[in-house]
Q: 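Structure provided below as structure tokens; questions to follow.
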Amino acid sequence: MELERCVRCTLPITWETLYFDDKGVCNICKNWDAKQKVINWKTREKQLLRIFEDAKKTKRAYDCIVPFSGGKDSTFTLWAIIKRYKIKPLVVSFDHGFYRPKTIENRTRTFRKLGVDVITFTPNWHIVKKLMLESLIRKGDFCWHCHAGIFAYPMQIAVKFKIPLIIWGEGGGEYEGYFKFEDIEETDEWKFNRRIILGMRAEDMAGFIGAELKDLQPYLFPSKEELDEIGVKSLPLGKFIQWDQQKQVEIIKSELGWQEDEVESNLPGPSFDKVECMFAGIRDYIKYLKRGFSRITHRTTIDIRNGKMSREAAMELIRKYEARKPKSLTVFLEYLGICEEEFNDIVSKHLIPPAKPVDPKTLIEGPKLHDQDLWFRENKI
Ligand SMILES: [Zn+2]
């Protein structure tokens with residue numbers, strides 16, 4: 001039996017924070033309507049301009065921090081901060097270890113074209129691999145190190161350099177129900193613990209993997225006292241301007257020469273979504289095994305809500321492309337040091353009902369990404 005899906009956007013019931021009204025429309029669709037109708041975006045942008053004016057008055061070396069990966073959202077945010085709002089950022093980039101060649105090119109080009117100071121931090125690979133396996137086993141989600149580092153590290157730099165303003169990209173509420181568009185959520189410790197690190201703090205992870213807490217330093221969110229001392233404001237740009245992925249991608253392409261790339265779990269051809277991670281396909285594959293749907297659903301829900309695709313056309317693409325095993329699984333398993341049976345066994349323990357277990361042997365394998373042979377391989381020197 002197929003999963004129950006939103007009658008409007010196709011999101012299935014197994015998506016986190018999802019619920020349907022009595023007509024079968026999901027809460028994300030309703031939140032989306034609010035984004036178009038309820039929010040006064042002009043007032044919101046004025047609020048932002050006031051925040052930027054205050055930041056400039058402080059005469060610090062940097063007006064704000066922009067956390068940066070090189071994907072479409074952080075690239076647009078950085079462009080907007082410099083070109084549209086004319087304030088001076090320090091770019092802080094936590095290298096999760098999975099940048100693809102084109103992302104590295106995009107990053108370099110963006111930094112050079114915009115003229116910015118950049119701190120890139122690369123965490124210990126041995127610890128990264130242990131954290132990936134541990135969080136996969138415990139939560140069916142291997143991205144703990146990436147999410148924890150991406151959010152905690154720029155906050156640490158804010159404290160160290162005494163830069164009290166951090167500007168993130170997209171706001172909460174676009175695709176999940178943790179936040180509404182009416183709220184302007186700060187990336188604070190509450191959000192970090194609940195939303196980002198799946199309730200597992202660096203202190204917990206150190207114990208789980210048999211490491212010392214000092215080895216997990218990059219993943220520690222600064223204390224409230226440290227943040228209060230500098231009076232930190234940590235805000236998503238997407239809550240002050242109306243976020244429009246398509247439009248923003250057009251801007252970074254024409255202004256910065258930003259390039260799309262193939263993404264394993266997306267439709268064939270270039271895509272702007274998740275180009276900054278080698279293992280986007282693996283994350284989506286796990287989602288498919290756990291929740292019965294994957295990236296094509298996610299992408300097409302946005303196109304449906306924006307009136308660019310019919311529900312029927314989306315369902316056709318979902319049926320055609322979603323049930324596929326990514327070719328990058330070989331590389332991923334090599335990093336984790338486990339075999340495919342072990343991987344399947346771990347993931348099967350995290351099934352989210354009413355999704356039904358899938359036998360991975362029944363799935364066809366997707367095509368290999370054009371750059372996969374260039375990726376770092378654990379077993380080749
Ligand atoms: Zn919906």
Side-chain angles (χ1 to χ4, degrees), residues 1-41 44 71-73 140-141 169-185 191 194-196 198 236 238-239 241-249 263 265-267 271-274 280 283-324 350-356 358:
M1 201 188 77
E2 287 221 5
L3 283 172
E4 185 189 356
R5 287 174 180 261
C6 168
V7 293
R8 220 162 104 188
C9 76
T10 82
L11 258 185
I13 189 68
T14 51
W15 181 229
E16 57 187 330
T17 70
L18 200 80
Y19 55 89
F20 299 128
D21 70 5
D22 51 7
K23 294 189 182 73
V25 178
C26 78
N27 51 320
I28 317 288
C29 276
K30 294 199 158 161
N31 207 9
W32 197 274
D33 292 343
K35 177 184 172 184
Q36 318 297 329
K37 292 174 199 151
V38 182
I39 311 294
N40 184 334
W41 291 102
R44 283 279 174 100
K72 63 181 188 322
D73 296 320
D141 180 338
E170 210 165 43
E174 296 274 343
Y175 323 113
E176 30 69 14
Y178 287 106
F179 300 100
K180 287 187 161 53
F181 276 96
E182 288 88 328
D183 315 320
I184 298 177
E185 79 279 0
K191 183 180 171 190
R194 179 166 169 185
R195 178 82 186 92
I196 314 291
L198 314 163
K239 284 297 173 77
I241 60 167
Q242 196 162 5
W243 209 247
D244 182 334
Q245 293 184 339
Q246 196 78 47
K247 219 160 84 187
Q248 291 165 193
V249 167
V263 171
S265 46
N266 220 333
L267 296 171
S271 154
F272 56 64
D273 224 11
K274 290 285 158 215
R283 184 167 174 81
D284 290 324
Y285 178 52
I286 293 173
K287 191 197 249 183
Y288 183 78
L289 298 176
K290 280 164 61 177
R291 301 179 189 268
F293 75 98
S294 182
R295 181 150 300 272
I296 313 282
T297 295
H298 170 73
R299 269 305 333 154
T300 52
T301 59
I302 300 168
D303 291 338
I304 293 171
R305 291 190 202 111
N306 282 331
K308 289 178 185 151
M309 189 181 282
S310 71
R311 193 180 187 283
E312 295 65 38
M315 285 307 299
E316 206 168 298
L317 294 172
I318 290 164
R319 288 195 194 99
K320 189 167 175 194
Y321 292 108
E322 268 199 346
R324 288 186 176 199
H350 296 279
L351 182 74
I352 292 168
K356 297 272 179 293
V358 176

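For reference, positions follow the sequence shown, starting with 1. As the structure is a prediction and not an experimental result, all values here were calculated from the model. When a ligand or atom number is given, it counts from 1 through the structure's own listing order.
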Q: Does Glu322 use its side chain to pair, donor to acceptor, with the backbone of Tyr288 at less than 3.5 Å?
A: no
Q: How many angstroms lie between atom CD1 of Ile13 and atom CD1 of Ile352, to the nearest 0.5 angstrom?
A: 11.5 Å
Q: Quick test of your reading: applying salt bridge (Lys or Arg N to Asp or Glu O under 4.0 Å), list the pairs with at least one residue in residues 17-34, sequence neighbours left out, ordered by first then second residue.
A: Arg8-Asp33, Asp21-Lys30
Q: Keeping waters out of it, list the protein N, O or S atoms under 2.8 Å from the Zn ion (ligand 1).
A: Cys6 SG, Cys9 SG, Cys26 SG, Cys29 SG
Q: When rounded to the nearest 0.5 angstrom, what is the spacing between CZ in Arg295 and NE2 in His298?
A: 5.0 Å
Q: For the CZ atom of Arg305 and the OG1 atom of Thr300, what is their distance to the nearest 0.5 Å?
A: 9.5 Å
Q: Would you say the side-chain atoms of Lys274 pair up with the backbone N or O of Val263, donor to acceptor, closer than 3.5 Å?
A: no
